[in-house]
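Inspection log for the structure reproduced underneath, given as structure tokens.
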Amino acid sequence: MTKMYIQPSKISGIIKAPPSKSMAHKALFCAALAGGECRISNAGVSDDVKATISCLTQLGVIVEYDGNDLIVNGKGLANLNKDKHIDFQCKRSGATLRFAVPLAAILGLDASFFGTGDLPKRSVSEFETIFENTGIEIYKKDNEIISIRGRFEASRITVPTSTSPQFLSGIMIALPYLQKKCEIFLSDEVPFREYINPVSFVQKHFGVETVFDSDARKITVPAKGYDAGNFSVEGDYSLSAPYLVAGALGDGVTVDNLYSASSQTERRLINILSDFGANVIQAENFVSVSRNRTSPIDVDCAEIPHLVPMLAVLACFAKGKSRLENCGVTFYRESDRLHQVCDALTSLGADIEAIGDDLYINGSGSLDGGEAFDFGDHRIAMALSIAAAFSDGESIVDSDDSVKKSYPAFFSDFMKVGGKRKIPKKKDSFFDAYEEDDFYEQKNKSGKIYID
């Protein structure tokens, strides 16, 4: 655990949005199933993306770096030895786990899936519903999260969606490999944009068009496999949220590579910031936000759970009572995010409370600063850093480098726009001095990626 000392600072400047981790996962799996060579531009080097690459290489898929691009060749998938038991290491990535399990089932593998951090605590019982009467057996024999075996034989399945859209995304992406018509029935009403549209968007780039019937809660997967092709990963609105919120609280931040035509549900943040009172400019490929006035917010977060930590920070700096509704799905993330956001911001002086699935923030327009723990959650770590930068006093954030999970360059960008962070300099096992971070942009060299 590292103690980060964050001082109040003047935040302003320009950064490039980090790649959408969600889109990168989807594109990697679709490209692997296409069976040919595909180029994925701007995929990023987050720990979660590396976990997906690691699992795909277990299936004979070759992944290489070419500058900032990934070259994916799935030809080896056809020669996979399906009689050999495979262990998949998903690290801390929920998306990797929930995408890899359906793929292994479709391939007819005997496979076990492992994870680190809080991943083993996250729900996988949904797979019991998904694979009921399909020929897939779910079992557990040791310390794995889940194991499966059998041959998938079904053309109709039911998918629960109340816990996470990733279960639906994973089965939607895997089924086209069968090259037969399949129907997915949804056990719950789902928001089209959050659950289905992002998957369909990526699938279309690889030649597969799924059809969604909202009345019947049914998705039809065509009798067609993926085509090899190229895909460019756009910037991520949810991971850019810390700097867009910082712009609304400070002297202005511009985030490049955020597209106005994006299918990302988190693009709603633009309207929320306007309601908060910020000056917002949404151009075709960038967003600029600067401080104007501050007003309490009332936001339904059912479709935007990733934004909850940053919206809570935003509300702290508006005088008055804000409400974030329907945050219950945050229970099932990297941490019990709903309550741990409360604990973390309370440590910095916030008046915040979780009641049921809602968050209530009595904003005073400022935070005191203090010492807070990020609970190993990358989004809480980012939210605390921005909150600390705008607090009245110095803050300490106890973290385990959780931002590497999704946004390895977060603190590099933090310093680019004026953030002040110091970390302990370790000598002879004692912290006896402090020095500012020495960050640098990681340079990628061509060649195969090897995952530790």
Side-chain angles (χ1 to χ4, degrees), residues 19-64 69-78 80 86 88-91 93-109 111 113 115 127 130 148 152 159 164-179 182 184 195-210 219 221-222 224-234 236 263 406 449 451:
S20 168
K21 180 168 65 77
S22 175
M23 284 192 177
H25 285 303
K26 296 177 178 68
L28 277 164
F29 275 93
C30 290
L33 293 175
E37 185 171 285
C38 305
R39 178 180 291 268
I40 302 176
S41 305
N42 192 40
V45 292
S46 68
D47 285 352
D48 279 11
V49 169
K50 290 178 180 179
T52 285
I53 294 170
S54 176
C55 288
L56 290 175
T57 57
Q58 287 280 82
L59 300 174
V61 178
I62 297 173
V63 182
E64 298 179 313
D69 298 352
L70 289 175
I71 309 299
V72 182
N73 194 322
K75 289 182 179 180
L77 198 60
L80 181 65
I86 299 178
F88 292 94
Q89 302 293 339
C90 301
K91 303 293 178 70
S93 175
T96 301
L97 173 67
R98 291 162 179 167
F99 288 15
V101 171
L103 176 54
I106 296 300
L107 293 173
L109 301 180
F113 300 83
F127 285 125
I130 294 171
I148 63 169
F152 184 90
V159 177
S164 171
Q166 291 173 347
F167 293 101
L168 175 59
S169 299
I171 199 68
M172 283 180 67
I173 287 172
L175 282 175
Y177 191 74
L178 294 174
Q179 297 192 34
C182 296
I184 304 170
Y195 281 58
I196 298 166
N197 197 33
V199 187
S200 298
F201 175 79
V202 178
Q203 287 181 308
K204 285 180 182 178
H205 279 75
F206 294 93
V208 170
E209 293 202 29
T210 52
I219 300 169
V221 179
K224 181 186 181 304
Y226 292 106
D227 300 327
N230 300 328
F231 184 84
S232 180
V233 178
E234 63 185 58
D236 192 301
S263 64
S406 61
I449 296 179
I451 307 299

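Taking every heavy atom of both residues into account, Phe99 and His25 meet most closely at CE2-CB, 3.9 Å. The two residues Gly229 and Phe206 make their nearest non-hydrogen contact at O-CE2, 3.7 Å. Of all non-hydrogen atoms in Val49 and Ala43, the two that sit nearest each other are CG2-O, 4.0 Å. In terms of heavy-atom proximity, Phe152 sits nearest to Ala105 at CB-O, 3.5 Å. Taking every heavy atom of both residues into account, Gln89 and Cys55 meet most closely at O-SG, 3.6 Å. Of all heavy-atom pairs spanning Val199 and Lys26, the tightest one is CG2-CE, 3.6 Å.
Applying the side chain to side chain contact (heavy atoms under 4.5 Å, CB included) test between Ile171 and each of Leu103, Val159, Ile219 identifies Val159 as the sole match.
When side chains are defined from C-beta on, Val208 counts as touching Pro222, because their heavy atoms get closer than 4.5 Å. Counting only heavy atoms from C-beta outward, the side chains of Leu168 and Ile196 approach each other to under 4.5 Å. In this structure, Gln203 and Glu209 have side chains that are not in contact, with every pair of non-hydrogen atoms separated by 4.5 Å or more. Using a 4.5 Å heavy-atom threshold, the side chains of Val72 and Arg39 count as separate. Using a 4.5 Å heavy-atom cutoff, the side chains of Met23 and Ser263 are in contact. Proximity of Leu59 to Phe88: side-chain heavy atoms (C-beta onward) are separated by under 4.5 Å at one or more points. Between Leu77 and Tyr177 the shortest side-chain heavy-atom distance falls below 4.5 Å. Counting heavy atoms from C-beta on, the side chains of Ile184 and Leu175 come closer than 4.5 Å.
A donor-acceptor pair under 3.5 Å is formed between the side chain of Asn42 and the backbone N or O of Val233. A donor-acceptor pair under 3.5 Å links the side-chain atoms of Thr57 to the main chain of Ser54, judged by distance alone. Between the Tyr226 side chain and the Ile173 main chain, a donor and an acceptor come within less than 3.5 Å of each other. A donor-acceptor contact shorter than 3.5 Å is absent between the side chain of Asn230 and the backbone of Cys38.
There is a side-chain donor-acceptor pair under 3.5 Å between Thr52 and Thr96.
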Candidate pair Lys91 and Asp47, rule side chain to side chain contact (heavy atoms under 4.5 Å, CB included), full reasoning: CA-CA 8 Å; Lys91 303 293 178 70; Asp47 285 352; over 6 Å; no
For Ser200 and Thr210: C-alpha separation, side-chain torsions, deciding distance, then whether side chain to side chain donor-acceptor pair (under 3.5 Å) applies. CA-CA 6 Å; Ser200 298; Thr210 52; 3.1 Å; yes
Decide yes or no on side chain to side chain contact (heavy atoms under 4.5 Å, CB included) for Ile40 and Leu28, but give the supporting numbers first. CA-CA 8 Å; Ile40 302 176; Leu28 277 164; 3.9 Å; yes
Please step through side chain to side chain donor-acceptor pair (under 3.5 Å) for the pair Arg98 and Ser164, ending with a clear verdict. CA-CA 10 Å; Arg98 291 162 179 167; Ser164 171; 3.2 Å; yes
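Taking CG from Leu107 and CD1 from Ile86, the interatomic distance works out to 8.5 Å, rounded to the nearest 0.5 Å. From Leu33, atom CG reaches atom CG of Asp227 across 12.0 Å, with rounding to the nearest 0.5 Å.
By the neighbour-count criterion of 12 heavy atoms within 6.0 Å, atom NZ of Lys224 is densely surrounded, having more than that number from other residues, nucleotides or ligands.
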